[in-house]
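Reviewing the structure listed below.
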Amino acid sequence: MQVLVRSTLTPADLAAIRQLDTSFVATSMYHVVARHDGFTLREVPVSPPVRKRYDLTEGVAEGGRPWDLYALAIAGDQPAGFMATTYQRWNGRQVVNELHVAPAYRRRGVARELIGIVQVTARENAAREVWLETQNVNVAAVRAYRRLGLTLTGIDTTRYPPPYADEVALFMSAAVPPAPGDPARQPTGGQSADAMGGAGLTDR
């Protein structure tokens with residue numbers, strides 16, 4: 001699968017991104033229970049299923065938003081996935097602003113390849129972590145990000161205005177893994193194989 005990595009979106013890129021199917025159907029969601037000392041997330045079934053599509057037509061305009069790097073995955077002549085990332089210097093985060101995979105290409109390694117590009121960019125920027133945002137209605141995305149080594153690090157119950165006010169923002173992050181073969185950053189003494197708790201995302 002071809003992955004185009006650019007700092008500026010071309011007209012052809014914009015057209016492909018706007019064609020990308022970002023929809024998903026959720027048969028369960030995370031119900032957030034507020035406690036006086038924190039929050040608890042519990043997966044519950046949803047009936048009827050929740051159908052949602054992320055709109056990229058406004059966010060990805062001519063010239064793109066001021067994100068640092070874009071990656072567009074193309075299978076044949078069809079858009080398979082899209083990623084945008086920005087480095088936040090003040091807190092050392094490599095932020096995943098957008099990450100979408102078309103339904104026909106999910107669980108086929110596209111997200112892993114796009115996250116791998118984020119990791120390489122994060123190492124180049126000397127970022128301390130990769131960080132992203134998703135929602136409690138997107139259980140499949142949370143599971144996918146966990147498989148990719150990210151963990152839940154925060155929530156915001158009031159982030160979204162109507163008509164999405166009943167959704168909860170979930171924030172996930174992972175330490176930036178060392179570059180393959182980097183002796184200065186290799187773990188020792190029984191530590192995990194990398195900073196994300198498993199094999200490096202860029203080598204699978």
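In this chain, residues are counted from 1 in sequence order. Note that the structure is predicted; figures quoted are calculated from it, not measured.
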Name the residue from Leu114, Asp13, Val5 that meets the side-chain contact (heavy atoms from CB on, under 4.5 Å) definition with Leu72. Asp13

Compare every heavy atom of Val110 with every heavy atom of Gly81, then report the nearest pair and how far apart it is. CA-CG1, 4.2 Å

Just wondering, more than 12 heavy atoms not from Arg6 lying within 6.0 Å of its CZ? yes

Under 4.5 Å between side-chain heavy atoms, counting indirect links through other Ile/Leu/Val/Met/Phe/Trp/Tyr residues: same cluster for Tyr54 and Leu20 or not? no

What one should report as the nearest heavy-atom pair of Ala84 and Trp67 is CB-CE3, 3.2 Å

Pair Val44-Met29, side chain to side chain contact (heavy atoms under 4.5 Å, CB included): steps then yes or no: CA-CA 6 Å; Val44 297; Met29 64 179 291; 4.0 Å; yes

How are the rings of Tyr70 and Phe82 set to each other: parallel, tilted or perpendicular (split at 30° and 60°)? parallel

Is Arg128 reaching over with its side chain to a backbone N or O of Val176, donor-acceptor style, under 3.5 angstrom? no

Indicate the atoms forming the closest heavy-atom contact of Ala26 with Val137, along with that distance. CB-O, 3.2 Å

Is Arg89 atom CZ crowded by more than 12 heavy atoms from other residues, nucleotides or ligands, each under 6.0 Å away? no

How many angstroms lie between atom CG of Leu148 and atom CZ of Arg143, to the nearest 0.5 angstrom? 14.5 Å

Val142, Val95: one ILVMFWY side-chain cluster at the under-4.5 Å cut-off? no

Under the 3.5 angstrom rule, does the side chain of Ser28 hit a backbone N or O of Val46 as a donor-acceptor pair? no

Contact summary for Ser23 and Pro103, nearest pair of heavy atoms: O-CG, 3.8 Å

With a 4.5 Å cut-off on side-chain heavy-atom distances among I, L, V, M, F, W and Y, is there a chain of contacts connecting Val50 to Val32? no

Could you give me the CA-CA distance, side-chain angles and deciding distance for Gln94 and Thr121, then say whether side chain to side chain donor-acceptor pair (under 3.5 Å) is met? CA-CA 8 Å; Gln94 192 69 43; Thr121 305; 5.4 Å; no

What is the distance from atom CG of Leu150 to atom OH of Tyr145, rounded to the nearest 0.5 Å? 8.5 Å

Could you check if a side-chain atom of Glu124 sits within less than 4.5 angstrom of a side-chain atom of Val120, using non-hydrogen atoms only? yes

Determine the minimum heavy-atom distance between Arg106 and Asp21, stating which atoms define it. NH2-O, 4.0 Å

Determine whether a donor-acceptor pair (N or O, by modelled atom type, separation under 3.5 Å) exists between the side chain of Arg123 and the backbone of Pro177. yes

Looking at every heavy atom in both Leu99 and Ala111, which two are closest together, and how far apart are they? CD2-CB, 4.3 Å

With the 4.5 Å side-chain cut-off for hydrophobic clustering, are Val96 and Leu152 part of the same group? yes

Would you list the atom pairs, donor with acceptor, under 3.5 Å between side chains in residues 158-173 and any protein atom, with sequence neighbours excluded?
residue, atom, partner, partner atom, Å
Thr158, OG1, Asp156, OD1, 3.3
Arg159, NE, Glu133, OE1, 3.1
Arg159, NE, Glu133, OE2, 2.8
Arg159, NH2, Glu133, OE1, 3.1
Tyr160, OH, Glu133, OE2, 2.6
Tyr160, OH, Gln135, NE2, 3.0
Glu167, OE1, Lys52, NZ, 2.7
Glu167, OE2, Lys52, NZ, 3.2

Does Tyr87 have any ring pair (Phe, Tyr, Trp, His ring centres under 6.0 Å) partners at least two apart in sequence or in another chain, and if so, which? none

Is it true that the side chains of Asp68 and Thr86 contain a donor and an acceptor less than 3.5 Å apart? no

Could you state whether Val118 and Trp131 fall into the same hydrophobic cluster, counting links through intermediate Ile, Leu, Val, Met, Phe, Trp or Tyr residues with side-chain heavy atoms under 4.5 angstrom apart? no

